[in-house]
Amino acid sequence: QVQLVESGGGLVQAGGSLRLSCAASGGTFSRYTMGWFRQAPGKEREFVAAINYGGATYCADPVKGQFTISRDNAKSTVYLQMNSLKPEDTAIYYCAVRQYIGLSTRARDYDYWGQGTQVTVSS
């Protein structure tokens, strides 16, 4: 069983930055693919970014060049650096663990989820 705890969300003005963190416990973090997803009110959960055990990353087109995913295996933590935030980035952000190698953009491919952290961007 893997537990994930997100932090770093909050209220920020448009154009600002936030860094989300997701601390994992209960598993072998360095072997996992980690992903970030988000869900805005009234919308489906959508893929944001993923990073595999070797550090390869993939970001969704809407956030390429704006968001950066990274990981620190020594701390069992994955990060999402979000810059130039826009009101449309407002959502609950979730991190997730995929226990198989290979990046995936599909929520159903992830095995464990955090409780989410709210990000609100004001205009």
Side-chain angles (χ1 to χ4, degrees):
Q1 188 81 9
V2 177
Q3 293 81 42
L4 302 172
V5 179
E6 300 101 333
S7 60
L11 174 64
V12 63
Q13 289 188 332
S17 297
L18 284 174
R19 188 177 80 156
L20 305 183
S21 299
C22 174
S25 61
T28 308
F29 178 82
S30 61
R31 297 182 181 178
Y32 299 149
T33 291
M34 302 297 297
W36 285 98
F37 291 76
R38 66 185 180 184
Q39 189 166 17
K43 294 187 177 181
E44 293 186 353
R45 191 170 299 190
E46 66 173 356
F47 170 78
V48 175
I51 184 168
N52 73 3
Y53 70 98
T57 63
Y58 182 76
C59 288
D61 285 343
V63 303
K64 281 182 179 176
Q66 181 189 359
F67 292 2
T68 302
I69 187 170
S70 61
R71 67 191 295 160
D72 184 336
N73 289 337
K75 296 182 178 179
S76 297
T77 299
V78 63
Y79 304 98
L80 186 68
Q81 178 67 44
M82 306 186 296
N83 298 325
S84 303
L85 284 162
K86 309 166 190 174
E88 51 264 43
D89 295 317
T90 294
I92 299 175
Y93 283 72
Y94 299 89
C95 75
V97 168
R98 184 168 194 244
Q99 293 183 296
Y100 297 94
I101 62 174
L103 300 170
S104 175
T105 64
R106 300 182 302 188
R108 65 175 182 267
D109 287 341
Y110 289 79
D111 304 293
Y112 298 98
W113 293 80
Q115 82 288 351
T117 185
Q118 176 72 48
V119 171
T120 303
V121 185
S122 63
S123 58

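Hydrogens, waters and symmetry mates play no part in the numbers below; they use all other heavy atoms, side chains included. None of these values were measured; they are calculated from a predicted model.
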Novice: Running the 4.5 Å side-chain criterion over Ile, Leu, Val, Met, Phe, Trp and Tyr, what cluster does V5 land in, apart from itself?
Specialist: none
Novice: To the nearest 0.5 Å, what is the distance between OG1 (T90) and CD (Q118)?
Specialist: 7.5 Å
Novice: Only pairs at least two apart or in different chains count here, so list each salt bridge (Lys or Arg N to Asp or Glu O under 4.0 Å) that has a residue in residues 51-70.
Specialist: D61-K64
Novice: My understanding is that only residues two or more places apart in sequence, or in another chain, count here; which of them pass side chain to side chain contact (heavy atoms under 4.5 Å, CB included) with R108?
Specialist: R106
Novice: Sort and list the pairs that fulfil salt bridge (Lys or Arg N to Asp or Glu O under 4.0 Å) and have at least one residue in residues 85-100, not counting sequence neighbours.
Specialist: R38-D89
Novice: Where the side chain of D109 meets the backbone of S104, is there a donor-acceptor pair that is under 3.5 Å apart?
Specialist: no
Novice: About how many Å separate CD of E6 and SG of C22, when rounded to the nearest 0.5 Å?
Specialist: 5.0 Å
Novice: What residues form a side chain to side chain contact (heavy atoms under 4.5 Å, CB included) with S70, not counting sequence neighbours?
Specialist: Y79
Novice: Can you list every salt bridge (Lys or Arg N to Asp or Glu O under 4.0 Å) pair that touches residues 21-35, not counting sequence neighbours?
Specialist: none
Novice: Scan residues 68-78 for pairs that pass salt bridge (Lys or Arg N to Asp or Glu O under 4.0 Å), counting only residues two or more places apart or in two chains.
Specialist: none
Novice: Residues two or more places apart in sequence or in another chain: which of them pass side chain to side chain contact (heavy atoms under 4.5 Å, CB included) with S7?
Specialist: S21
Novice: Could you work out the complete set of other residues in the hydrophobic cluster of Y94, with links drawn between I, L, V, M, F, W and Y side chains under 4.5 Å apart?
Specialist: F37, F47, Y58, I92, L103, Y110, W113
Novice: With ILVMFWY side chains joined below 4.5 Å, transitively, what does W36's cluster contain besides itself?
Specialist: V2, L4, V12, L18, L20, F29, Y32, M34, V48, I51, V63, F67, I69, V78, L80, M82, L85, Y93, V97, Y112, V119, V121
Novice: Could you tell me whether the side chain of N52 and the main chain of G55 form a donor-acceptor pair under 3.5 Å?
Specialist: yes
Novice: Only counting residues at least two apart or in another chain, list the ones meeting side-chain hydrogen bond (donor to acceptor under 3.5 Å, both in side chains) with S25.
Specialist: Q3
Novice: Locate the shortest heavy-atom distance separating A14 from S123; write the atom from each residue and the value.
Specialist: CB-CA, 4.4 Å
Novice: I'd like to check the side chain to side chain contact (heavy atoms under 4.5 Å, CB included) partners of I101; sequence neighbours left out, ordered by chain and number.
Specialist: Y53
Novice: For N83 and S17, test the side chains for any donor-to-acceptor distance below 3.5 angstrom and give the result as yes or no.
Specialist: yes
